[in-house]
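Okay, so here's the structure we're looking at.
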Amino acid sequence: MEKLLSTSRRIEIVKENCSIIRERVAEAALKSGRKPEDVRLMAVTKTVEPVLINTAIEQGITLIGENRVQEFLSKEPELHLEGVEKHLIGHLQKNKVRQIVGKVDMIESVDSVALAREIDKRSEMQGIVTPVLLEVNIGEEDSKFGFSKEDLEQACAEIATFEHLTVQGMMTIPPICEKKEEIRENFSKMHQLFIDFSSKIFNNINMNVLSMGMSADFEEAVLEGSTLVRVGSALFGERIYR
Ligand SMILES: *Cc1c(COP(=O)(O)O)cnc(C)c1O
């Protein structure tokens, strides 16, 4: 459907969506007892053309998220990224780490100690420290990446020894649920885990960022304590998969 719309019409839609989504995030933040600026809105840009990403940036979006290393690197030259933070949010293979370290401001999808070790190694080679989030598989689904709740403590103990990586918080993609209460339950579980780990002391590990909530459920996520929502289709329209 989107394909039938002219580019100028789609630019208009992205502009409208940006202000609507920003308002909804702000409202949810206030409802959760926080300030609107305490919850960041990320524009998820996978499969989105640069012209629309630049439109979102012109509308004041200061954080973008891409899933794939290759797609990000090929679109990057066309993006107006001054003052914009870039996060990698998709599953990262160890053999791609070399290409992305130093190119993004944060890797949100650290889902194994081995991946953390590789990021640490490649960051050291560049003389930098890479901020990351630990991805948690809160629904314990076989189909999803991420640490299980049970593995997290041991993983943190190991990751704490890596000096060229700094853990800034957690990220999750919860199971798809029909009922709002079930959705909130998973977010609430995740928030509790985040709080639990905030009080543990590990070297190089802080709990500042809780990245959860997407187009269908970002308000529920904010109400349960999310500090960063990752919104794609609600901003840019449904994705056209090639
Ligand atoms: C695609 C994606 C999103 C955004 O999903 P929408 O439902 O389009 O908002 C958020 N997080 C991750 C990790 C994604 O892959």
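Considering all non-hydrogen atoms of both residues, Ser226 and Leu210 come closest at OG-O, 3.4 Å. The shortest heavy-atom contact between Leu30 and Pro36 is CD2-CD, 3.7 Å. Heavy-atom minimum distance, Val129 versus Thr166: CG1-CG2, 3.5 Å. Residues Asn17 and Phe236 come closest through the heavy atom pair ND2-N, 4.4 Å. Between Pro175 and Gly139 the shortest heavy-atom distance is CG-CA, 3.6 Å. Nearest approach of Ser188 to Glu224, heavy atoms of both residues: CB-OE1, 3.4 Å.
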* Check against side chain to side chain contact (heavy atoms under 4.5 Å, CB included), Leu52 and Ile11 -> CA-CA 6 Å; Leu52 297 182; Ile11 286 174; 3.8 Å; yes

* To do: Would you check, one step at a time, whether the test side chain to side chain donor-acceptor pair (under 3.5 Å) holds for Glu58 with Asn54?
  => CA-CA 6 Å; Glu58 279 160 30; Asn54 287 334; over 6 Å; no

* Start with the C-alpha distance between Val209 and Met170, add both sets of side-chain angles, then the distance that settles side chain to side chain contact (heavy atoms under 4.5 Å, CB included), and finish with yes or no. => CA-CA 6 Å; Val209 181; Met170 295 176 180; over 6 Å; no

* To do: Please test Phe147 against Leu134 for side chain to side chain contact (heavy atoms under 4.5 Å, CB included), starting from the C-alpha separation and ending with a verdict.
  => CA-CA 8 Å; Phe147 294 100; Leu134 302 179; 4.0 Å; yes

* To do: List the steps and the verdict of side chain to side chain donor-acceptor pair (under 3.5 Å) for Ser148 and Asp151.
  => CA-CA 5 Å; Ser148 70; Asp151 293 343; 3.3 Å; yes

* Full working for side chain to side chain donor-acceptor pair (under 3.5 Å) between Ser109 and Glu135 -> CA-CA 5 Å; Ser109 40; Glu135 182 170 353; 4.9 Å; no

* Asked: Is there a side chain to side chain contact (heavy atoms under 4.5 Å, CB included) between Arg24 and Glu219 once you walk through the steps?
  -> CA-CA 7 Å; Arg24 285 173 54 187; Glu219 283 152 320; 2.9 Å; yes

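Met190 CE to Ser211 OG: the interatomic distance, rounded to the nearest 0.5 Å, is 9.0 Å. Interatomic distance, Glu23 CD to Cys18 SG, rounded to the nearest 0.5 Å: 12.0 Å. Here the CG-CD1 distance, from Asn186 to Ile176, works out to 11.5 Å after rounding to the nearest 0.5 Å. Taking CD from Glu108 and CG from Leu92, the interatomic distance works out to 12.5 Å, rounded to the nearest 0.5 Å. The CG atom of Leu41 sits 8.0 Å away from the CZ atom of Phe218 when rounded to the nearest 0.5 Å. Here the CD1 atom belonging to Ile53 is positioned 11.0 Å from the CD atom belonging to Glu76, to the nearest 0.5 angstrom.
Formation of a donor-acceptor pair under 3.5 Å by the Asp120 side chain with backbone atoms of His164 is found in this model. Checked by atom type and distance alone, the side chain of Thr55 pairs as donor or acceptor with a backbone atom of Val51 at under 3.5 Å. With hydrogens and angles ignored, the 3.5 Å screen pairs a side-chain donor or acceptor of Ser215 with a backbone N or O of Ala234. A donor-acceptor pair under 3.5 Å links the side-chain atoms of Ser6 to the main chain of Arg9, judged by distance alone.
Hydrophobic clustering (side-chain heavy atoms under 4.5 Å, transitive across Ile, Leu, Val, Met, Phe, Trp, Tyr) keeps Ile20 apart from Val229. Cluster membership for Val136 and Phe145, using ILVMFWY side-chain heavy atoms within less than 4.5 angstrom, is not shared. Residues Ile100 and Met125 do not share a hydrophobic cluster, clusters being chains of Ile/Leu/Val/Met/Phe/Trp/Tyr side chains in contact below 4.5 Å. Note on Met42: it does not cluster hydrophobically with Leu223, by side-chain heavy-atom contacts below 4.5 Å among ILVMFWY residues.
Phe72 places a side-chain heavy atom less than 4.5 Å from the side chain of Val104. Annotation: side chain of Val97 is in contact with side chain of Leu115 (closest heavy-atom distance under 4.5 Å). Side-chain contact between Ile128 and Val101 is present, with at least one heavy-atom pair separated by less than 4.5 Å. Contact annotation: the side chain of Arg34 approaches that of Thr227 to within less than 4.5 Å [non-hydrogen atoms, C-beta and beyond]. Using a 4.5 Å heavy-atom cutoff, the side chains of Leu133 and Val167 are not in contact. Inter-residue side-chain proximity for Leu228 and His87 is flagged as met; some heavy-atom pair is nearer than 4.5 Å. Inter-residue side-chain proximity for Asp105 and Leu63 is flagged as unmet; no heavy-atom pair is nearer than 4.5 Å. The side-chain heavy atoms of Asn67 and Val44, taken from C-beta on, include a pair separated by under 4.5 Å.
Between Lys75 and Glu71, at least one side-chain nitrogen of the basic residue sits less than 4.0 Å from a carboxylate oxygen of the acidic one, meeting the salt-bridge criterion. Ion pairing between a basic and an acidic side chain is recognised when a charged N comes within 4.0 Å of a carboxylate O; Arg40 and Glu85 show such pairing. Between Lys46 and Glu66 no salt bridge is recorded (no basic side-chain N to carboxylate O distance below 4.0 Å). Classification of Lys180 and Glu220 as a salt-bridged pair holds, one side-chain N sitting under 4.0 Å from a carboxylate O. Taking 4.0 Å as the cut-off between side-chain N and carboxylate O, Lys94 and Glu118 do not count as a salt-bridged pair. Note on Glu153 versus Lys200: salt bridge recorded, some NZ/NE/NH1/NH2 to OD/OE distance being below 4.0 Å.
Taking a 6.0 Å sphere around CD of Glu37, one finds it holds more than 12 heavy atoms contributed by other residues, nucleotides or ligands. The number of heavy atoms from other shown groups lying within 6.0 Å of CD (Glu12) is above 12.
Side chains of His91 and Asp111: a donor on one and an acceptor on the other come within 3.5 Å.
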